2 protein chains.
Amino acid sequence: MSTKERKQREFAEREERFLAAAEACIREEGFLNLQMARIARLCDYATGTLYQHFSSKEDLLLALANRGNEAHVELFRQVQRWTAGSTRDRMFAIAVGDFDFAQRNPEHTKLLQYVHTRAVWESASPQRREQALTCTGPVGEIVTGIVREALEAGELEARGLSPMELACGPWSVCEGMQALSQVQGLFEALRIEDPERLRFRQVVNHLNGMGWQPLWDPADQAALEQLVSRIRTEVFTDL
Amino acid sequence: MSTKERKQREFAEREERFLAAAEACIREEGFLNLQMARIARLCDYATGTLYQHFSSKEDLLLALANRGNEAHVELFRQVQRWTAGSTRDRMFAIAVGDFDFAQRNPEHTKLLQYVHTRAVWESASPQRREQALTCTGPVGEIVTGIVREALEAGELEARGLSPMELACGPWSVCEGMQALSQVQGLFEALRIEDPERLRFRQVVNHLNGMGWQPLWDPADQAALEQLVSRIRTEVFTDL
DNA sequence: GGCGAATCGTGAATCAGATTCAAAAATTAA
DNA sequence: TTAATTTTTGAATCTGATTCACGATTCGCC
């Protein structure tokens with residue numbers, strides 16, 4: 001059935017072109033002004049054709065978020081390859097990568113936040129939602145891998161939590177700080193001057209609270225900055 | 001100028017009526033199906049009149065979120081009044097209250113998440129955004145109040161962070177877990193069975209990591225459950 | 001009270017843009 | 001080559017937010 005396969009491939013290629021066009025549109029004018037018809041026109045297809053790929057605009061947005069996730073996962077893989085760091089430093093590196101990724105891809109970050117909204121999430125097709133969950137799989141594996149290694153090395157104690165549950169701690173700290181910093185003006189109103197430093201401090205605190213060895217002195221700002229810049233040069237060399 | 005005052009009062013009353021009607025609509029059919037015209041009609045006003053109060057639908061949604069914030073703040077006040085608990089227990093009580101509030105007001109929680117989205121936030125009027133920031137003020141005061149008290153009592157060390165920055169730690173944990181649990185199906189996919197227990201564990205870990213005395217044994221599940229239920233009966237008596 | 005000016009409320013009309021679907025085109029099968 | 005099937009098309013539909021010209025109301029002043 002080579003013809004059927006070819007069809008499938010072509011279909012996938014077209015979808016990719018749609019997504020690339022959508023991304024271009026978003027770069028131009030932000031994702032709030034994204035128009036379905038414009039995407040189709042940009043690719044020389046009719047609007048209706050677009051709807052053979054995406055059940056709705058929200059569905060397309062989620063697909064776009066999923067697509068961008070690839071680059072995100074790549075960061076995590078880079079951490080995975082960084083065997084020079086301790087398990088704790090690697091977990092911390094995840095947080096640094098996550099932060100830098102958000103900084104470098106503000107539109108994608110906004111989009112991600114938007115599609116994770118209950119309102120939007122529920123308007124996407126079930127298939128797309130499943131795809132979204134699936135494509136966070138690798139992230140989960142990498143992170144729990146680090147946790148598992150730490151458990152085996154005795155650098156961390158499970159205390160009744162699964163590796164995934166343990167990983168959720170630092171994850172929610174990152175996610176939470178991210179969410180807060182997305183609210184424009186909040187940190188200013190709260191008189192918080194250096195959100196980046198604060199975020200990393202919170203992660204350090206949290207890792208300490210998990211008892212992840214070796215514990216850090218959270219007050220040692222210099223050491224923290226050194227670790228961050230070390231991670232940025234050693235792990236995320238391409239950025 | 002009593003007539004001018006009366007005008008203002010009537011205007012405010014009308015706004016309140018609009019918001020109440022909007023809330024009723026949302027209860028009926030979720031905030032995604034909220035229609036401006038319907039709200040106006042429910043209050044026996046023309047659509048245009050609604051727009052004298054709210055510059056756009058997003059603006060109205062943010063106003064609605066701000067309005068609901070009142071009940072949220074009330075929870076925090078209850079914690080403030082609970083002088084029987086240690087500072088640490090009080091901070092923990094904030095987390096419990098926050099969680100329970102989200103459970104009890106799912107529509108409001110979804111709405112809050114939605115309006116905090118960069119996309120929506122930026123479509124609201126600057127005045128409304130400011131109002132939103134202002135009305136989180138009391139929350140900040142209560143929480144930093146607890147932190148300050150802990151600092152004075154020597155139960156917590158600042159280590160170079162301001163009270164607000166310290167408070168951001170537990171806050172972001174709550175916010176992050178909240179954000180993750182809003183993504184329908186995520187915890188199931190991650191094989192996390194008891195998000196509530198996990199959330200409280202994360203908060204305990206985090207408070208430990210901040211060095212907030214007295215430290216807790218995070219593995220002591222029974223003690224944790226006891227604290228949670230104690231808080232629920234002693235602090236949030238009305239729920 | 002009466003008058004013009006200013007403000008307010010109205011809701012039909014406008015506008016935007018997502019979504020649909022009947023017809024046309026292309027592809028496949030016989 | 002023709003008929004059946006699938007795909008594509010894009011104009012038409014539909015929903016619903018937003019606007020604005022108009023009439024009603026109130027205000028300040030005489």
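Everything numeric in this text was worked out from a predicted model, so none of it was measured. Proteins get letters first, then strands, A, B, ... in listed order; numbering begins at 1 in each.
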Students often mix this up, so state it plainly: with edges at 30° and 60°, are the rings of B/Tyr114 and B/Phe31 parallel, tilted or perpendicular? tilted
Parallel, tilted or perpendicular: which describes the rings of B/Phe54 and B/Phe18, with under 30° parallel and over 60° perpendicular? perpendicular
Going by an N to O cut-off under 4.0 Å, is there a salt bridge joining A/Glu188 and B/Arg129? no
Can you tell me how far C1' of D/dT8 sits from NZ of A/Lys7, to the nearest Å? 12 Å
Would you say B/His72 and B/Asp98 are linked by a side-chain donor-acceptor pair, where the criterion is simply a distance under 3.5 Å? yes
Worked check of side chain to side chain contact (heavy atoms under 4.5 Å, CB included) between A/Arg38 and A/Cys25: CA-CA 8 Å; A/Arg38 189 197 298 273; A/Cys25 282; 3.7 Å; yes
Within residues 18-42 of chain A, the residues having a heavy atom closer than 4.0 Å to DNA chain C are A/Leu34, A/Gln35, A/Met36
A/Arg14 to A/Tyr45, cation-pi by 6.0 Å centre distance and 45° axis angle: yes
For DNA chain C, what residues of residues 49-65 of chain B have any heavy atom nearer than 4.0 Å? B/Thr49, B/Gln52
A/Phe187: which residues meet the ring pair (Phe, Tyr, Trp, His ring centres under 6.0 Å) condition with it, sequence neighbours left out? none
Hey, mind stepping through A/His108 and A/Phe101 against side chain to side chain contact (heavy atoms under 4.5 Å, CB included) and telling me if it holds? CA-CA 9 Å; A/His108 180 259; A/Phe101 184 75; 3.5 Å; yes
